[in-house]
Amino acid sequence: QVQLVESGGGLVQAGGSLRLSCAASGRTFSSYAMGWFRQAPGKEREFVAGVTWNSNSYYADSVKGRFTISRDNAKNTGYLQMNNLKPEDTAVYYCAADLHGLRWVPGAMGYWGKGTLVTISS
C-alpha cells in the first residue's frame with residue numbers, strides 16, 4: 001500500500017517549463033509502476049507518462065519529446081519534467097501507482113494522489 005502527494009503545479013506561459021513531484025509513503029514503492037495522468041475541464045482523465053519498476057518509460061504521443069518521467073526510489077519520489085508547455089497542457093495532473101503496470105489507463109491504477117493544477121497561458 002502506498003500514499004501519493006503531488007506538488008509543483010502552477011501558472012506558466014506557453015513555451016515555459018515546470019517540474020512536478022510525486023512523494024510516496026510506503027516501504028515498497030520501488031516495486032510499483034508509477035505514472036502521471038491529467039484531466040482538463042470537460043474532458044476524460046488521460047494517460048501522460050509512466051515508468052515501470054525497472055525504468056522502462058512510456059509517453060502519450062501528445063507529450064513525447066517534451067515531457068520526461070523519472071523516479072528516485074531511494075527518495076520514494078517520482079518526477080515529471082515538462083518542457084515547451086502548450087495551452088492544451090492545462091489540466092489537473094495526478095500521480096498514480098500500480099503493482100503490475102501492465103496497462104496505462106486510469107482504471108488499471110490502484111493508488112492516486114489528489115492532483116496538482118497546471119495552467120499554461122498563451
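Since this is a predicted model, take the numbers as computed values, not measurements.
- To the nearest 0.5 Å, atom OH of residue Y79 and atom CG of residue D72 are 5.5 Å apart.
- For residues 50-104, the set of pairs meeting the disulfide (SG to SG under 2.5 Å) definition, not counting sequence neighbours, comprises C22-C95.
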Evaluate Q13 against S121 for side-chain hydrogen bond (donor to acceptor under 3.5 Å, both in side chains), listing each step before the verdict. CA-CA 5 Å; Q13 293 188 192; S121 62; 5.2 Å; no

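- The distance from the CG atom of L102 to the OG1 atom of T52 is 10.0 Å, given to the nearest 0.5 Å.
- Here V118 pairs with L18, L20, M82, Y93, I120 under the side-chain contact (heavy atoms from CB on, under 4.5 Å) rule; sequence neighbours left out.
- Judged by the 6.0 Å and 45° rule, R45 forms a cation-pi pair with Y94.
- For the atom pair OH of Y32 and CE of M109, the computed distance is 11.0 Å after rounding to the nearest 0.5 Å.
- Residue pairs satisfying the ring-ring contact (aromatic ring centres under 6.0 Å, His included) criterion with at least one member in residues 33-55, sequence neighbours excluded, are listed as follows: F37-F47, F37-W112, F47-W104.
- Rounding to the nearest 0.5 angstrom, the gap separating the OG1 atom in T68 from the CZ atom in R19 is 11.5 Å.
- Ion pairing of D89 with K86 is absent here, as no side-chain N (NZ or NE/NH1/NH2) approaches a carboxylate O to less than 4.0 Å.
- Using a cutoff of 4.0 Å between basic side-chain nitrogens and carboxylate oxygens, R38 and E46 are scored as salt-bridged.
- No side-chain donor-acceptor contact under 3.5 Å links S17 to the backbone of N83.
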Can you check side chain to side chain contact (heavy atoms under 4.5 Å, CB included) on I69 and F67, steps first, answer last? CA-CA 7 Å; I69 189 171; F67 292 9; over 6 Å; no

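- From S62, atom OG reaches atom CD of E88 across 8.5 Å, with rounding to the nearest 0.5 Å.
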